[in-house]
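Throughout, numbering of the chain's residues begins at 1 and tracks the sequence. Heavy atoms only: backbone and side chains are in, while hydrogens, waters and symmetry mates are out.
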Amino acid sequence: MLTNPVCNGGNALYWISKREVIVMDVDKEIIVREYPHPARAMLYDPTYLWMGDFLSCIVSGNSELTYEIYILDLDSGIWTLYHEMGPFDYMAACGHNLNYTIMSFRLWINDQIIFRVSLHHNSSHENIHFGYNVKTKQMTKIDDIDMGNFNISVWSHTNSLVSLPTTPA
């Protein structure tokens with residue numbers, strides 16, 4: 001079973017399977033490399049994001065309120081611990097103590113990881129987006145993305161025979 005690919009902006013797509021990360025050369029349309037998952041990713045539901053020149057894997061840490069980021073050295077195929085995040089101070093970032101049911105990491109831009117917290121109030125559902133700076137360890141609420149019940153997804157696009165949708169179906 002494959003998930004949506006993580007694209008590095010070059011000519012490679014990184015497909016995440018249950019067993020490994022599969023690298024496909026888009027121009028040649030062949031598999032060029034396969035990497036095992038980090039050990040902790042096998043225990044938890046990981047999120048894979050492209051970070052500069054590295055593929056990153058975010059997994060739950062030692063508590064359900066913390067997260068560990070591993071990065072893959074593409075030459076050696078070895079995952080190393082890059083950063084530990086959390087627990088997050090939501091009161092300082094948005095003025096509320098949040099009781100959320102789902103947190104999902106969405107995008108990594110420069111030093112910022114964008115993530116969404118899904119809140120459920122009785123029968124209603126809303127999302128709040130935050131940015132976490134891995135250099136300064138600061139978290140801020142992203143005010144330009146309105147709170148609400150919509151779902152923002154980011155999709156990859158390549159200028160080849162392989163193209164993914166720009167909006168979710």
- All heavy atoms of N127 vs all of S118, minimum pair found to be OD1-OG, 2.9 Å
- Please report the shortest heavy-atom distance between A12 and V23, naming the atom on each side. CB-CG1, 4.0 Å
- Note on the structure: Residues I71 and S56: closest non-hydrogen pair is CG2-CB, 4.2 Å
- Message: For the CZ atom on R33, are there more than 12 heavy atoms of other groups (residues, nucleotides or ligands in this structure) within a distance under 6.0 Å?
- Response: yes
- Item | ring-ring contact (aromatic ring centres under 6.0 Å, His included) evaluation trace for Y14 with Y35 | CA-CA 10 Å; Y14 291 74; Y35 299 103; 7.0 Å; no
- Item | Non-hydrogen side-chain atoms of F130 and R116 separated by less than 4.5 Å | no
- With H37, the side chain to side chain donor-acceptor pair (under 3.5 Å) member among Y70, W79, Y48: Y48
- Partner set under side-chain contact (heavy atoms from CB on, under 4.5 Å) for Q138, not counting sequence neighbours: T136
- Message: Donor-acceptor pair, distance only, cut-off 3.5 Å: does the side chain of W15 make one with the backbone of S17?
- Response: no
- Query: Is there a path of hydrophobic side-chain contacts, each under 4.5 Å between heavy atoms of I, L, V, M, F, W or Y residues, that connects I78 with M51?
  - Reply: no
- Query: What pair of heavy atoms forms the shortest contact from S60 to R40, and how long is it?
  - Reply: O-NH2, 2.9 Å
- Task: For the pair N133 (side chain) and K135 (backbone), establish whether a donor and an acceptor sit closer than 3.5 Å, ignoring hydrogens and angles.
- Result: yes
- Item | Interatomic spacing from CG in L81 to SG in C57 - rounded to 0.5 Å | 11.0 Å
- Query: Do any N or O atoms from the side chain of R19 and from the backbone of P36 form a donor-acceptor pair under 3.5 angstrom?
  - Reply: no
- Who pairs with Y132 by side-chain contact (heavy atoms from CB on, under 4.5 Å), at least two apart in sequence or on another chain? H83, M85, F88, F115, V134, K137, M139
- Query: Side chains of M103 and F105: does their closest heavy-atom pair fall under 4.5 Å?
  - Reply: yes
- Message: If you define the side chain from C-beta out and look only at heavy atoms, does anything of V59 sit under 4.5 Å from I69?
- Response: no
- Note on the structure: Scanning both residues in full, the closest heavy-atom pair of D73 with D75 reads OD1-N, 2.8 Å
- Message: If we check side-chain contact (heavy atoms from CB on, under 4.5 Å) with L49, which of these qualifies: I114, L107, I58?
- Response: I58
